[in-house]
Amino acid sequence: MEIAYFPGCTLKTTAKSFETSALAIAGSLGIDIKELPEWTCCGTVYSLAEDDLMKQLGPVRTLARAEGLGYTVLTTLCSMCYNTLVQAKQFVTKDPVRLQKINTFMEEEPDFTGVVEIKHFITLLQETGEEKIKEAVKNDLAGRKIACYYGCLLLRPREAAIDDCEQPEVLEQLMQWLGADPVFFPYQVECCGSYMTAVKPDIVARRAYRILENARENGAEAVITSCPLCSFNLKERQKDIKAIYPGFKDMPVYYFTEIMSEALGITKTVENS
Amino acid sequence: MRVTLKQNNEILRKIEEISGENVFACYQCGKCSAGCPMVAEMDLLPNQIIRFLQIGAGEAVLEKRTIWLCASCFTCAARCPKGVNLAKLMEGVRATILRQSNSDQVAPPEMVKKPLPQIALISAMRKFTC
Ligand code: SF4
Ligand code: SF4
């Protein structure tokens, strides 16, 4: 069954390697995903204002287009897109009056009904299953100690979570299938500071420091994520961390698909670009 | 901390309307503040924001830094034993201020000048500009 793929803005720029590696993985595992011919920015953060339907237009328009093309499942890579799409769908479909209002406003689009299911790419990999993924492994990641960082938006709020919101294990499970050794990592669900990076980068640097040091204390040699904003905060803010904590040593941060494509033999070794 | 309370239930009504949350569901256990990643930077604890709203001190809440330091991480919402979504209340306060003042809390030229991914800029603009 073909699945619609919604990339979101950042996957086309700073997170290009996330998209490239994920599409290669999908191709090699036979997960049939196809980018939507037309999509708009989801808004990146779900609007929490109940009285402002305009802010839901971005995500809902994309969902309506996917439904119009006959898709019943849509996937995304970015945690923020995932969360925004899921929460927007829940909000709009919860109330028939709201749904009708938004459909009337977007009269040029096919009606949105809510049938399209939003699944994060991690969920698609989970559904592909242990056996198939293990079979596809070419370069076993044996001995690689990986800290799986989930951040906020794959897990919270509960209604949007892809796994248990306090003790998730989907990424650890995936890393184990690839032969890697996921480490105990209590800070894996702690927020990195998110959009504060645009206004208070020092706060984000301090958050990132605690998260990365917690990974290191538990023996990790690298941290993986599925969010382009977490990735930026944990990776690019390392320069700011050094200004605050001079003894800080670099910690590699990868998208989970970069590590995975290495294991599947698609790329040689991942670069911490 | 010393505050002068000016009773104002109009602000509470607005915040509840925007957020769809009921502040009186909160029984002040403090779990939200215990897990908040931004708490060290805040001038009023997240549970105190709710307490102030409960006692009609909404005006004092509008002046605090706390609401602009909230990163909408939903940790409080996921952990609240009473099912209060404090992240939504925080947005309710931010929206009340942005709409009333009709001016940006942090205007785009005041944001970080070094290159940022779109995702950072768009989300910051959604939270800090009107
Ligand atoms: S966790 Fe919930 S009930 Fe407890 S203080 Fe926070 S909002 Fe109130
Ligand atoms: S959503 Fe805001 S108040 Fe709640 S835990 Fe996160 S930063 Fe703190």
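A, B, ... follow the sequence lines: proteins, then strands. Residue 1 opens every chain. All values derive from a computational prediction rather than experimental measurement.
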Highest number of heavy-atom pairs under 4.5 Å with chain A: which of [options]?
options: B:P115, B:A78, B:P117; answer: B:P117
options: B:S19, B:A95, B:A77; answer: B:S19
options: B:A87, B:G92, B:G35, B:S72; answer: B:S72
options: B:L89, B:V106, B:I122, B:L121; answer: B:I122

Check each atom of [X] against the heavy atoms of chain B and say whether the ones under 4.5 Å are side chain, backbone, both or neither.
X: A:L155; result: neither
X: A:C81; result: neither
X: A:S231; result: neither
X: A:K200; result: side chain
X: A:R210; result: neither
X: A:C41; result: side chain
X: A:E159; result: neither
X: A:C165; result: side chain

Indicate yes or no for a side-chain donor-acceptor contact from [X] to the backbone of [Y] under 3.5 Å, with no hydrogens or angles considered.
X: A:S47; Y: A:K55; answer: no
X: A:S21; Y: A:S261; answer: no
X: A:E19; Y: A:A15; answer: no
X: B:Q105; Y: B:L98; answer: no
X: A:R156; Y: A:V189; answer: yes

Short N-O contact, B:K14 and A:D51, less than 4.0 angstrom: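 Salt bridge between B:K14 and A:D51, a charged N being under 4.0 Å from a carboxylate O: no.
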Is any NZ, NE, NH1 or NH2 atom of the basic residue among B:E41 and B:R65 found under 4.0 Å from an Asp or Glu carboxylate oxygen of the other?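 Salt bridge absent between B:E41 and B:R65.
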Looking at [options], which one has more heavy-atom pairs under 4.5 Å with chain B than the rest?
options: A:T14, A:I203, A:T197, A:D52; result: A:I203
options: A:A198, A:P201, A:C152, A:C191; result: A:A198
options: A:L153, A:V199, A:N233; result: A:V199

Let me know if [X] has heavy atoms under 4.5 Å from chain A in its side chain, its backbone, both or neither.
X: B:L69; value: both
X: B:K127; value: side chain
X: B:Q118; value: both
X: B:M38; value: side chain

Whether A:Y209 and A:Y245 hold their rings parallel, tilted or perpendicular, with breakpoints at 30° and 60°: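 It falls in the parallel class, under 30°.
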Please work out which of the three classes, parallel, tilted or perpendicular, describes the rings of A:Y195 and B:F128, given edges at 30° and 60°.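 Geometry flag for A:Y195 against B:F128: perpendicular rings.
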Between A:F248 and A:R216, is there a cation-pi geometry (under 6.0 Å to ring centre, at most 45° from the normal)?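 Yes, cation above the ring, under 6.0 Å and within 45°.
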Identify which one of A:V170, A:I122, A:D163 satisfies the side chain to side chain contact (heavy atoms under 4.5 Å, CB included) criterion when paired with A:L154.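 Exactly one option meets the side chain to side chain contact (heavy atoms under 4.5 Å, CB included) with A:L154, and it is A:I122.
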In this structure, which one of A:Y5, A:Y150, A:Y82 forms a ring-ring contact (aromatic ring centres under 6.0 Å, His included) with A:H120?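 By the ring-ring contact (aromatic ring centres under 6.0 Å, His included) criterion, A:H120 pairs with just one of A:Y5, A:Y150, A:Y82: A:Y82.
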